[in-house]
Amino acid sequence: MDDLYLILATLAFLGGFVLAAVSWRRDEDRPHGLNIPIAITGLVFQSLFLQVRGEMHGRCPITNGAEVLVFVSWSIVIMYLALGRAFRLSLLGVFSMPIVFLFQLFAIIYLAVDDPGPRPPAHLDPWLELHAAMSLLAYGAFGLAGIAGVMYLVQDRQLKSHKPGRLFYSLPPIRYLATALVRLLAIGTILLSVGIVAAFFMEVKPTPLHLLVSGAVWLAYALLLAVHAWRRLPPKRLSLSSIGAFAFALATLSVL
Amino acid sequence: MSIFCLGVNHKTAPVEIRERLAISEHSVPAHLGEICAIEGVDEAVVLSTCNRVEIYGAAADPAAALDRLVAYLESHFAVASGEVEFYRHADEAAAHHLFEVASGLDSMVLGETEIFGQVKKAYALAQENGRTARRMNKLFQQSFSVGKLVRSGTSIQQGSTSVGSAAVDLAEKIFGKLDHCRVMIIGAGEMSRTTAQSLLSRGARSIIVSNRSHDKAVELAAELKGEAVRFDDWESKLDHVDIIVSSTSAPHAVVQASAIRRVMERRRGHSLFLIDIAVPRDIEEEVNEIDNVYLYNIDQLQQIANEGKSRRERQIAVCRDLIAAFLREKGIEALAGVPDERGPKGPVGSDPGGKRSDTPGRPLPQP
């Protein structure tokens, strides 16, 4: 059943991706009205997948690469639905769909090739669960910050080139994008801080490598925010940094 | 009973004719009364704007009613017989025309939104004066639905159509709402004033004006409720402005890239938008290469305006399809089938013939 939920969620995000591409090809000025319902549908199937896997393991379903990818993409979707409208970034969903779809696709391939099956813990540690859940939610916020960074760079390029393209009228003002980017970085850093603090209370202490990698990700984002608060990084540099930092954070998932 | 439309607009009549036919708001009630008193005319709405004068109404025999209406207009507005070519539409064609008008498709600036409010106002005025009944009520209510549908379902409003609106649209794509933006005008020419007024109309917070002739700067600043600064001092104010509009007649660059670089170091990541509408150009081209600084000259703005116009024109077919689909679904048949609710020639005319047109969209004989 979990496979079916995963496939249905992936198909929903593929639908969102295709819809966004078609809207763009048709020169439509705003995200398609089905964008939000599609994101919600995908989120529901993702949640069902994670629930089934969670029940199977008897703990937070992040026991293998596929589950981690689904959890991160679930976090991105939930962050978008929770914050996208508040930050006046309806198009964030359109930009998120391809990434979420790709994560889901990798997860399907991963499970098709090698599904490790149930991995119930010897003993359920709530601190471990909190650590894992907060950290991956933080990755969702960082992912969305990276996407906002891409949107900023696209809009900046269009403004600089003096030739507004198709996306120009649909994308939000660059000031809003820069503000949303900083807020998403801050939200992600706070969530990751909670996750790291929770790790210190875990019954089984994290490995030095785990600590080192988590600390490096936290440090990268904390430094980025600190430098921005101190020197006011130009939005373009901040966008590039947030994209780079998310790529680094994603790379660390393979180690974790 | 048919609905009809009679009128002239910017495409069919020059301004000299339109201004003679224009009906001021305060005289509309009287004209509505006289129009409804014309034999065969039931219900009337007068839409009079700077670009059009149109009369919508209902009549059992629209061709005859329109002939009498033309005679009325010619006698009341000092127009010689045959001097003006009024367009005449009946039934579906009349509804389609009103829907296009309300959607901004028939406007001088394609897709503009002001006309929607003007149509609403014209209808409200007729309604307040008891000159509308079910047909006009339904027709105009439908036109409001279509207007909203077209605006929300197409890109007809999208894209700038003039240099001024291109500048303002770009400013909004950089800063979002302009209510926190301060504007500096360098050179107190006509183009500067127009652009500044456009920015103020969209909410720009304050204006600083600088000009070689300080008296002119003071004059323009007073007109725009802004502040005048001496030409030697404008650089010192750069830290506090978000938008610079430059249009001096200087033969050399007034705004140097080095000055903007220095300013940007102090602006803590805030964007700067520069609009150079001077020829020869006032602002060094290298300014656009500075991070977070956006420079547009008059040609680039004009190009955006041209693209905006083309973009809107490409949407016309989509809009017309929407209107046609709306008319197919719940348009003219519903209007034609509306029973009367009034007696003959009350405050609002009635349907003396009691007949309804069974030929939607039939062409009316043009004079």
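Below, chains carry the letters A, B, ... as their sequence lines are ordered, and counting in each starts from 1.
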Nearest-0.5 Å distance, CG of residue A:L6 to CG of residue A:L105: 9.5 Å
Passing candidate, side chain to side chain contact (heavy atoms under 4.5 Å, CB included) with B:I323, options B:L149, B:L98, B:V146: B:V146
Chain A contact via B:I290 - which portion, at a heavy-atom distance below 4.5 Å: backbone
Proximity breakdown for A:Q158 and chain B, heavy-atom pairs closer than 4.5 Å: backbone
Chain A contacts, top residue of B:L170, B:L295, B:N297, B:I174 (heavy-atom pairs, under 4.5 Å): B:I174
Residues B:N306 and B:Q302: side-chain donor-acceptor under 3.5 angstrom: yes
Part of A:K236 within contact of chain B (heavy atom distance under 4.5 Å): side chain
Crowding at CZ, B:R202 (>12 non-hydrogen neighbours, <6.0 Å): yes
